[in-house]
**Q** 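So that we are looking at the same thing, I have put the structure below in structure tokens.
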Amino acid sequence: MMTFASLSASVRALFALWTLLLCLMNIGSGVIGAAQKRYHRSALALGLFVPAYFCWQVIFDFSLVGNTAQAAASSAALCALPWLYLFLALLILTSLAVWLFAYNIRYNKNFITPGTIKVYLDQIPCGICCWQENGHVLFSNICMNELCAALTGTRLLNGNQFREAVKDSILNIDGKVWRFVCREIMLDGERLYEMVASDITHEYAKTRVLEKDKAELARLNTELKEYYLSMDESVKRQEILQAKMNIHDEMNRLMLSTVAADKEDTRALDQIFSLWEQNALLLCMEADKRDEQQESEALDELAHALGITLIWKTDLPSTMNGEQKELFFLTAKEAMVNAVKHAQASTMEIYIESTKDSLLCRFVNHGKMPAGEVHFAGGLANLERLAEKQGAALYAEAGEEFTLYLRF
């Protein structure tokens, strides 16, 4: 059988090329194994690389010096072997190298490796970086590198400096709105920092639209409240007008009854007078709004008409607004009428106490105490509803003296 040395130069060159390609394939397998952190495969690739490189070196030495005295003894001895031995050796090495290379490629496609994680993180639309406590960056994807370059004009080399540059969690960069979130993590007892940058351009635009809609709704709500208040005022005025019409009709009926009454019938005259007094009180209570002085004078006139002494223990505070004053005078009139009507009281005292959080008005009379629990009805029930609309409270307490409370 022909020895390897007896082959033509072109055939030996083909063997040399074969061994060179085999060396390169083993180098590639070793690099892929190291990138996948599968170091035993890198060791296997190294084990295949050594004999392939040795064969290449033998062929290269023989091509340079041939069968001369300068040729290495090992090279001359191997080249003196049949060429089929070298062919079979290279075929076995090639089969193993191809299998290892293909296995590494297939593993890289079917299993999660550091390389696949890096490729995936470079493709996602958000920025991610991780660094140590001293600022040394362990990992950053392409998106985060671009954001760092746009913000600082430099590469992302120090995580702590980059965190200082993005103190504001939401930034506008190149026409897009980014939100930066930084958190601390512990990995194998080491403190690390992770930052994630998310593109919230669409969400931010929708939020601005929602804020505008919210402001518009608040404006409409305010207008509706004012409209409802105006409607309440209109209804109130209509009710007052209707009450005046009813009182007017009742007055006409009383006038006719008074004219037609028998002047000698004392009992009938007393009933007519009582009706006159009730209608006069109702007419006073349904009067239009007046200022504070006019209301006070009207309250004194009503006290004089009812025959009860009104004592102001405290002046009316200036902190009360118009609605509160109106409710106060209505309550005072109702309290005075009830003191005369139900308790036959001769005096009524008014106390007003101001605190940090409230304003308490007390209407006290020393007449007869009611039997049982006090329940509001008629005018007091209506006043209680008016107080609730203003956020106030109306309640009574019967002890040694009867006290009606109005708390703002």
Side-chain angles (χ1 to χ4, degrees), residues 27-45 100-219 221:
I27 292 173
S29 296
V31 172
I32 294 175
Q36 295 175 352
K37 298 187 183 300
R38 312 287 288 185
Y39 298 112
H40 62 283
R41 295 178 193 163
S42 297
L44 180 58
L100 181 60
F101 188 80
Y103 182 80
N104 286 334
I105 297 298
R106 185 171 65 253
Y107 185 88
N108 200 42
K109 292 182 178 179
N110 298 332
F111 295 90
I112 297 176
T113 64
T116 56
I117 294 175
K118 177 66 170 65
V119 171
Y120 169 75
L121 292 179
D122 283 337
Q123 292 177 351
I124 60 177
C126 64
I128 299 177
C129 68
C130 182
W131 67 91
Q132 295 176 324
E133 197 168 5
N134 60 3
H136 175 65
V137 178
L138 299 176
F139 172 81
S140 63
N141 66 348
I142 295 176
C143 181
M144 188 64 83
N145 292 331
E146 292 176 350
L147 291 175
C148 180
L151 280 173
T152 64
T154 59
R155 297 177 58 190
L156 180 54
L157 300 177
N158 190 299
N160 294 329
Q161 293 179 358
F162 183 57
R163 181 175 56 183
E164 291 296 324
V166 294
K167 285 184 178 179
D168 297 331
S169 58
I170 298 179
L171 296 173
N172 192 321
I173 304 174
D174 296 334
K176 290 185 178 181
V177 180
W178 295 86
R179 179 176 59 196
F180 294 85
V181 178
C182 184
R183 68 187 184 99
E184 180 181 307
I185 58 177
M186 294 296 295
L187 183 63
D188 296 333
E190 183 181 5
R191 190 186 308 275
L192 301 177
Y193 297 92
E194 180 188 57
M195 180 179 291
V196 178
S198 305
D199 184 1
I200 59 169
T201 304
H202 298 294
E203 292 81 357
Y204 186 77
K206 291 180 180 179
T207 302
R208 296 295 298 273
V209 172
L210 287 175
E211 289 176 352
K212 292 181 180 179
D213 292 343
K214 183 179 179 181
E216 182 66 18
L217 286 174
R219 184 186 64 81
N221 188 34

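Remember, it's a predicted structure, so these values are computed and weren't measured experimentally.
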**Q** Sequence neighbours excluded, which residues qualify as side chain to side chain contact (heavy atoms under 4.5 Å, CB included) partners of Thr201?
**A** Lys176, Val177, Asp199
**Q** For Glu164, enumerate each residue passing the salt bridge (charged side-chain N to carboxylate O under 4.0 Å, His left out) test, keeping only those at least two apart in sequence or located in another chain.
**A**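 Only Lys167 meet the salt bridge (charged side-chain N to carboxylate O under 4.0 Å, His left out) criterion with Glu164.
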**Q** Considering residues at least two apart in sequence or located in another chain, which fulfil the side chain to side chain contact (heavy atoms under 4.5 Å, CB included) criterion with Ala205?
**A** none
**Q** Other residues, nucleotides and ligands only: do more than 12 of their heavy atoms fall within 6.0 Å of CG on Asp174?
**A** no
**Q** For the residue pair Phe162 and Leu151, what are the closest heavy atoms and their distance?
**A** CE1-CD1, 4.1 Å
**Q** After noting the C-alpha distance and the side-chain angles of Arg219 and Glu216, does the key distance pass the salt bridge (charged side-chain N to carboxylate O under 4.0 Å, His left out) rule?
**A** CA-CA 5 Å; Arg219 184 186 64 81; Glu216 182 66 18; 2.2 Å; yes
**Q** Out of curiosity, Cys126 SG to Arg179 CZ, how far, rounded to the nearest 0.5 Å?
**A** 11.0 Å
**Q** Which residues pass the side chain to side chain donor-acceptor pair (under 3.5 Å) test with Asn160, sequence neighbours left out?
**A**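 So Asn160 forms a side chain to side chain donor-acceptor pair (under 3.5 Å) with Trp131, Arg163.
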**Q** Under the side chain to side chain contact (heavy atoms under 4.5 Å, CB included) test, which residues partner Arg41, sequence neighbours left out?
**A** Gln36, Arg38, Leu100, Tyr103, Asn104, Tyr107
**Q** Could you walk me through whether Val166 and Trp178 pass the side chain to side chain contact (heavy atoms under 4.5 Å, CB included) test, one step at a time?
**A** CA-CA 10 Å; Val166 294; Trp178 295 86; over 6 Å; no
**Q** Going by the rule salt bridge (charged side-chain N to carboxylate O under 4.0 Å, His left out), which residues pair with Arg106 if we only count those two or more places apart in sequence or in a different chain?
**A**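 Listed in chain order: nothing, the list is empty.
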**Q** Between atom CD1 of Ile27 and atom OG of Ser42, what is the distance when rounded to the nearest 0.5 Å?
**A**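 It is 12.5 Å, given to the nearest 0.5 Å.
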**Q** Quick one: do Glu203 and Lys206 make a salt bridge, cutoff under 4.0 Å?
**A**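 The answer is no: the pair does not qualify as a salt bridge.
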**Q** Roughly how far, to the nearest 0.5 Å, is the SG atom of Cys130 from the CG atom of Leu187?
**A**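 If we round to the nearest 0.5 Å, Leu187:CG and Cys130:SG are 8.0 Å apart.
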**Q** Between OG1 of Thr207 and CD1 of Ile200, what distance do you get to the nearest 0.5 Å?
**A**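 Going from OG1 on Thr207 over to CD1 on Ile200, the span is 7.5 Å.
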**Q** Which heavy-atom pair separates Cys143 from Pro125 by the least distance, and what is that distance?
**A**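 Reported closest heavy-atom pair: SG-O, 4.0 Å.
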**Q** Please step through side chain to side chain contact (heavy atoms under 4.5 Å, CB included) for the pair Tyr204 and Asn172, ending with a clear verdict.
**A** CA-CA 11 Å; Tyr204 186 77; Asn172 192 321; over 6 Å; no
**Q** With a 3.5 Å cut-off and sequence neighbours excluded, list the donor-acceptor pairs that the side chains of residues 28-35 form with protein atoms.
**A**
residue, atom, partner, partner atom, Å
Ser29, OG, Met25, O, 3.2

**Q** Scan residues 139-153 for pairs that pass side-chain hydrogen bond (donor to acceptor under 3.5 Å, both in side chains), counting only residues two or more places apart or in two chains.
**A**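 Listed once each, the pairs are Ser140-Asn145, Thr152-Thr154.
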**Q** Can you tell me which residue pairs pass the salt bridge (Lys or Arg N to Asp or Glu O under 4.0 Å) test with a partner in residues 123-132, sequence neighbours excluded?
**A**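 Qualifying pairs: none.
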**Q** Restricting to non-hydrogen atoms, name the atom on Asn134 and the atom on Asn158 that form the minimum distance, rounded to 0.1 Å.
**A**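 In this case the closest contact between Asn134 and Asn158 is O-ND2, 4.2 Å.
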**Q** In this structure, are over 12 heavy atoms from other groups packed under 6.0 Å from His202 atom NE2?
**A**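 Counting other residues, nucleotides and ligands, NE2 of His202 stays at 12 neighbours or fewer.
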**Q** Do you know the tightest heavy-atom contact between Val137 and Gly159?
**A**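 Reported closest heavy-atom pair: CG2-N, 3.7 Å.
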**Q** What's the spacing between Ile124 CD1 and Ser198 OG if we round to 0.5 Å?
**A** 9.0 Å
**Q** Could you pull out every donor-acceptor pair under 3.5 Å between side chains of residues 189-196 and any protein atom, sequence neighbours left out?
**A**
residue, atom, partner, partner atom, Å
Glu190, OE2, Gln132, NE2, 2.9
Arg191, NH1, Glu184, OE2, 2.2
Glu194, OE1, Arg183, NE, 2.7
Glu194, OE1, Arg183, NH2, 2.9

